[in-house]
Q: 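Here it is: the structure, laid out below.
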Amino acid sequence: TLLGCHGNAGNISHRVNNIMWLNRILGVNIMIIDYRGYGRSQGKPSEDGLYQDAEAAIEFLVSERGVNPETELVLFGRSMGAAVAVEMAVRHRVRAVILESGFTSVRDMAQRIYPFLPMSLLIHAVEARYDTISKVGNVNAPVMVLHGDRDEIVPFKLGEELFEAASEPKVFYRIRGAGHNDTYYVGGEPYFQALKEFVSSTQSGDR
């Protein structure tokens, strides 16, 4: 079962086509949720709130669907969702973690967008941290990092840094010619096959 943690833009309705192809090619069950404040979910988004929502999804899969996280649950986080997936993987033993178009931290992103502002001001101006790079090394599961080398929102370099910080076993997949929101369109069949091979290769107790 793959639990999808989507990015900041849009909601689950914008991921239907991607979910269809993941289901068909990978042959996995897929659950995706809208965090609070997204789509039809009530509430206001916050970093801690998004983590709570992902926790609730895992609890549902375990208690209502009988999923064994360690052997049957793959976390798939895109962009901001990569931070959510990593947080869950630190809290729970899972089969594998896939991080696509992820960033290292909000601070790193802010530095690249507003390089002229003092760091002290940036820290106070941004409430959410999503400090993924400090956590990913503690993930006790195989990790796959994918990133488009023409990503116009999250620099490719941040994806490389996230991969470097992850512990073994890990795999990096460069999506050649892909930006931030067209990864599976541009990646095509090789992209999906890379995902399938990674998921198929993971086994309980690899770490």
Side-chain angles (χ1 to χ4, degrees), residues 2-22 25-26 30 32 34-35 38 45 47 50 54 74-89 96-117 119 122 125-126 128-137 139 142-166 170-199:
L2 186 152
L3 175 60
C5 303
H6 68 68
N8 183 53
N11 55 60
I12 58 176
S13 70
H14 301 101
R15 276 81 185 181
V16 174
N17 192 50
N18 190 195
I19 290 170
M20 177 188 72
W21 285 108
L22 287 169
I25 298 177
L26 272 66
I30 300 173
I32 184 170
D34 266 333
Y35 317 111
Y38 287 80
E47 181 175 1
L50 267 59
V74 176
L75 301 173
F76 191 151
R78 288 201 75 257
S79 191
M80 180 187 69
V84 179
V86 167
E87 177 68 22
M88 293 304 101
V97 181
I98 300 171
L99 307 175
E100 184 175 289
S101 308
F103 51 82
T104 50
S105 70
V106 168
R107 185 173 71 172
D108 288 345
M109 285 290 291
Q111 277 187 288
R112 284 162 171 79
I113 297 172
Y114 305 108
F116 52 87
L117 291 179
M119 179 55 60
L122 288 173
V126 181
R129 297 289 182 261
Y130 295 112
D131 192 12
T132 310
I133 196 165
S134 70
K135 304 173 185 177
V136 69
V139 171
V143 174
M144 181 179 196
V145 176
L146 306 94
H147 213 106
D149 58 12
R150 294 187 181 179
D151 195 320
E152 71 285 6
I153 296 177
V154 179
F156 182 74
K157 179 64 176 175
L158 293 189
E160 291 182 313
E161 291 176 8
L162 203 57
F163 174 74
E164 290 168 4
K170 58 184 178 180
V171 176
F172 187 85
Y173 185 81
R174 181 181 190 134
I175 313 172
R176 297 188 180 279
H180 191 70
N181 295 311
D182 60 359
T183 51
Y184 74 98
Y185 285 118
V186 175
E189 184 177 348
Y191 162 89
F192 285 106
Q193 287 302 319
L195 288 173
K196 183 177 182 178
E197 290 173 10
F198 172 72
V199 172

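Remember, it's a predicted structure, so these values are computed and weren't measured experimentally.
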Q: Check step by step if side chain to side chain donor-acceptor pair (under 3.5 Å) holds for Tyr173 and Glu197.
A: CA-CA 12 Å; Tyr173 185 81; Glu197 290 173 10; over 6 Å; no
Q: Taking all non-hydrogen atoms of both residues into account, name the closest pair between Val97 and Ala89 and its distance.
A: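 Shortest heavy-atom separation between Val97 and Ala89 comes out as CG2-CB, 3.5 Å.
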Q: Please give me the minimum heavy-atom distance between Gly4 and Ile32, naming the atom from each residue.
A: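 Heavy atoms of Gly4 and Ile32 come nearest at O-CG1, 3.5 Å.
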Q: Between Leu22 and Ile30, what is the shortest heavy-atom contact and its length?
A: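 Closest heavy-atom pair between Leu22 and Ile30: CB-CD1, 3.6 Å.
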Q: Looking at His147 and Val154, would you say the former's side chain and the latter's main chain have a donor-acceptor pair under 3.5 Å?
A: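 Yes; at least one donor-acceptor contact below 3.5 Å.
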Q: Please examine the side chains of Asp151 and Ser101, heavy atoms only from C-beta on, and report whether any two atoms are closer than 4.5 Å.
A: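 When only atoms from C-beta onward are counted, Asp151 and Ser101 do touch, with a gap below 4.5 Å.
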Q: Which atoms form the tightest heavy-atom contact between Ser79 and Gly7, and what is the distance?
A: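 Distance-wise, the nearest heavy atoms are CB-CA, 4.2 Å.
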Q: If I take atom CD from residue Glu87 and atom CG from residue Leu75, how far apart are they, to the nearest 0.5 angstrom?
A: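 Glu87 atom CD to Leu75 atom CG measures 11.5 Å (nearest 0.5 Å).
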Q: Drop me the distance from Met88's CE to Lys135's NZ, to the nearest 0.5 angstrom.
A: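 Between atom CE of Met88 and atom NZ of Lys135 there are 8.0 Å.
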Q: Going by side chain to side chain donor-acceptor pair (under 3.5 Å), name the residues that satisfy it together with Arg174, two or more places apart in sequence or in a different chain.
A: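 Per chain and number, Arg174 pairs via side chain to side chain donor-acceptor pair (under 3.5 Å) with Asp149.
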Q: Given side chain to side chain contact (heavy atoms under 4.5 Å, CB included), test Leu146 with Leu195 step by step and report yes or no.
A: CA-CA 9 Å; Leu146 306 94; Leu195 288 173; 3.9 Å; yes
Q: Should Ile153 and Asn181 count as side-chain neighbours, where that means a heavy-atom distance under 4.5 Å?
A: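 Heavy-atom side-chain distance check passes, below 4.5 Å.
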Q: Let me confirm one number: the CD1-CG distance from Ile98 to Leu3, rounded to the nearest 0.5 Å.
A: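 Between Ile98 CD1 and Leu3 CG, I get 11.5 Å after rounding to 0.5 Å.
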Q: Determine whether Glu189 and Ile25 make a side-chain contact, defined as any pair of heavy atoms from C-beta on separated by less than 4.5 Å.
A: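 In short, these two side chains do not touch, never coming nearer than 4.5 Å.
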Q: What distance do Tyr191 atom OH and Ile175 atom CD1 have between them, rounded to the nearest 0.5 Å?
A: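 Atom-to-atom, Tyr191:OH and Ile175:CD1 are 5.5 Å apart.
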Q: Write down the atom of Val199, the atom of Leu26, and the distance for their closest heavy-atom approach.
A: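 Looking at all heavy atoms of both residues, the shortest contact is CG2-CD2, 4.2 Å.
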Q: To the nearest 0.5 angstrom, please state how far the OG1 atom of Thr183 sits from the CD atom of Glu100.
A: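 Nearest 0.5 Å value for the OG1-CD distance: 3.5 Å.
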Q: Measuring from atom CZ of Phe76 to atom CG of Asn18, what distance do you get when rounded to the nearest 0.5 angstrom?
A: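 Rounded to the nearest 0.5 Å, the CZ-CG separation comes to 6.5 Å.
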Q: Please enumerate all residues that pass ring pair (Phe, Tyr, Trp, His ring centres under 6.0 Å) together with Tyr38, with sequence neighbours excluded.
A: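 Partners of Tyr38 by the ring pair (Phe, Tyr, Trp, His ring centres under 6.0 Å) criterion, ordered by chain and then number, come out as His6, Tyr35.
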Q: I need the minimum non-hydrogen distance between Ile12 and Asp34, along with the two atoms involved.
A: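 That would be N-OD1, 3.0 Å.
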Q: Taking the side chain from Arg107 and the backbone from Asp131, do they hold a donor-acceptor pair closer than 3.5 Å?
A: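 A pair under 3.5 Å: no.
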Q: Do the rings of Phe103 and Tyr130 sit parallel, tilted or perpendicular, given the 30° and 60° boundaries?
A: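 The arrangement is perpendicular - the two ring planes meet at more than 60°.
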Q: For the CD atom on Glu152, are there more than 12 heavy atoms of other groups (residues, nucleotides or ligands in this structure) within a distance under 6.0 Å?
A: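 Counting other residues, nucleotides and ligands, CD of Glu152 exceeds 12 neighbours.
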Q: Does a side-chain heavy-atom distance below 4.5 Å link Val136 with Leu99?
A: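 Yes; the side chains approach each other to less than 4.5 Å.
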Q: Is the backbone of Val145 close enough, under 3.5 Å, to the side chain of Lys170 for a donor and an acceptor to pair up by distance?
A: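 Absent.
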Q: Can the ring centroids of Phe172 and Phe156 be said to lie less than 6.0 angstrom from one another?
A: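 For Phe172 and Phe156, the ring centres are under 6.0 Å apart.
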